[in-house]
Amino acid sequence: MPSTESEPPSGNIMEQIVSLAKRRGFVYQASEIYGGIRGFWDYGPLGVLLKNNIRDHWWRAMVECPPVGPDGSPIDMVGLDSAIIQHPNVWKASGHVDNFNDPMVDCRETKARYRADHLWTAAAQVRRKNGNVETLGVFSVLSGDDAGDLFVKRVDKIARKTGGGEVVAPTDFVPFTKLSPAEMAEVVGPDAAQKGTLTEPRPFNMMMISYNGPLQDEDNKVYLRPETAQGIFTNYKNVLDTTRVRVPFGIAQIGKSYRNEVTPRNFIFRSREFEQMEMEFFCPPDQSILWYEFWRDERMKWWKSLGIRADNLKFRDHDDDELAHYSKACVDIEYKYPFTSPDFGELEGIAHRGCFDLTQHQQHSSQKLDYFDQELQLKLKESGASPEDVKAKSRYIPNVIEPASGLTRAVLVLLCEAYRCESRSGVEKFEYFAFKPQLAPIKAGIFPLVNKDGMPEIAQKLYMDLRQQFTCEYDPKQSIGKRYARMDEIGTPFSITVDGQTKDDQSVTIRHRDSQLQERVALEKVSTFLTEKLKA
RNA sequence: GCGGGUGUAGCUCAAUUGGUAGAGCGCCAGCCUUCCAAGCUGGCUGUUGAGGGUUCGAGUCCCUUCGCCCGCUCCA
């Protein structure tokens, strides 16, 4: 079968990756035995190891051993694990209730979909040449400054076809959402020719809803968080009060988030339940750009530290019209996924959120969330600022720089990046994952070359020793070649084999996954060998 | 939500005009085995995505539904 044009050039590779990931227990479709559930995925025995490794790597790089700041001193960073369900007002304050709840209207005729609040309607009236005013119907247009012009232009076209005359410009538009169902049925869609093709507005809730408590009424409605960030903002004051961190500092969090994505697609790229790694960095307003640039560069370094080729990563600055109204700057780190190639797709966003979130929460919660910067006060006094100036500037709402990335997206990127398909061991298409050793689910396979002459006993003992420090697997089954191949397939970087020589000189062979080459290492040095190789 | 494609064993796939669901790989057990998916013997695996219909008979035809892929649409 020739491939159709609609198929992307690398669509095949993605299928192979998904297939291998399933076959070796990395990612399963959620609820598969019931036919699956769109937008949800389960991480299998190897998948959870890989995910945990990435998670730990991030946590270490952000919380336990954060980068050294621009001024050469270590950065203050703490971790957090907030609840998935928060007080509903959190999401009102954050803007998610309003912005994530867009009623949509579909046009049955043109198949177009509109945000209901973007549709304005008005009666189309024409003053005919004889002076009579005739109404041609109720038309809708997309809201905006040019809505009036668009409306007149459109009605003018129809008027010409039906006898001409002058269009009476509407003095006011009525929002589509204010119409009764009967009135809606009379409206002509923005791109439609016939009336009554618009559906009634249907809610499009981006936030998943649940009920807190056994009563499922409106008062008990709660939301599953669509991002982990708000849990950080709501605890910002707690952290300041109960730890010794001072601005500038960061709070990091890893956890699940939920969004009713319109189109969950591309394997685990866009799913309705996903895991985020987010950090909110609180800094003085006048230092915010400095920190924004700092974190932008640091985050790119981190992705490269996972073993991702520089060619496959790039920055993409958001255009001004793409920025949220509160954001001063935002940049995405993008990856060249097989399904976007040759284009890139989003991997992490580094956003300058200004003081928006804390200001919002301060207003909605009536709690003071500003920060008194004693250091800055001192500095201002020393620089001879006026008392008024010192007072005004040393108390502020911190600005926030937010590097937010998807842990589950990181798993996807590593699967894509590590995937290899080459001719090997007499197999035409041998598939395997070449993970960086540090992130590989299993670090080493331990084998007796054959199951006799005392080899299994030595190998087992080695396994029992090593597994206390490293994630290892002992495998005495089938031929040595198959065991090597099995380990290669799941991305295990090292295979350690006890052979006939081991008994004589206490040494084993260690085989490298990528080169398939072996070296001999003393039994007692194996642990050191692995430690050395697993260093970042 | 719309349009197109698709769904058969853990994986890759086969099954003539509608006529008894198969193969390879894998996996398991045993034997053998001194380094790259080796060999021998035996074994496991399916409500053909699900539900309904037509038919003497459905993997195959029809309807509904679910998942996946592609393109639209949408996307804090």
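Numbers restart at 1 for each chain; the letters A, B, ... are given by sequence-line order, proteins then strands. Owing to the predicted nature of the structure, the values given are computational and were not obtained by experimental measurement.
Remark: C1' of rC25(B) and CG of Leu20(A) are 14 Å apart, rounded to the nearest angstrom. Atom CE of Met206(A) is separated from atom P of rC74(B) by 13 Å (rounded to the nearest Å). Separating the OH atom of Tyr484(A) from the P atom of rA37(B) is a distance of 11 Å, rounded to the nearest angstrom. Separating the CD atom of Glu489(A) from the C1' atom of rG10(B) is a distance of 12 Å, rounded to the nearest angstrom. Atom pair Gln29(A):CD and rG7(B):C1' shows a separation of 11 Å (rounding to whole Å applied). Rounded to whole Å, the distance from CZ on Phe269(A) to P on rC75(B) is 16 Å. Remark: P of rC74(B) and CZ of Arg259(A) are 19 Å apart, rounded to the nearest angstrom. Rounded to a whole Å, the CG atom of Asp332(A) is 13 Å from the P atom of rA76(B).
No N or O donor and acceptor, one from the side chain of Arg483(A) and one from the base of rA37(B), sit under 3.5 Å apart. Between the side chain of Arg24(A) and the base of rG10(B) there is no donor-acceptor pair of N/O atoms closer than 3.5 Å.
Which of rC36(B), rU34(B), rC70(B) sits closest to the side chain of Gln518(A) comes down to rC36(B). The side chain of Leu449(A) lies closest to rC35(B), out of rU33(B), rC35(B), rC36(B).
Arg420(A) and Glu431(A) are not joined by a salt bridge, as no carboxylate oxygen comes within less than 4.0 angstrom of a charged side-chain nitrogen.
One finds a side-chain N or O of Arg486(A) lying less than 4.0 angstrom from the OP1 or OP2 phosphate oxygen of rC27(B). Phosphate proximity of rG26(B) to Lys482(A): present, with a side-chain N or O under 4.0 Å from OP1 or OP2.
A tilted orientation is assigned to the rings of Tyr236(A) and Phe282(A), their planes being inclined by 30° to 60°. The aromatic rings of His352(A) and Tyr292(A) sit tilted, their planes meeting at an angle between 30° and 60°.
Side-chain contact annotation: Asp499(A) with Thr502(A), donor-acceptor N/O pair under 3.5 Å present.
Looking at heavy-atom distances under 4.0 Å, Thr509(A) makes contact with a base.
Annotation: rG39(B) and rU34(B) have their P atoms spaced 16 Å apart (nearest Å). The same atom, P, is picked in rG53(B) and in rA9(B); the two are 25 Å apart, to the nearest Å. Nucleotides rC35(B) and rG46(B) have their C1' atoms positioned 38 Å apart, rounded to a whole Å. To the nearest whole angstrom, the two P atoms, one in rG52(B) and one in rG59(B), are 14 Å apart.
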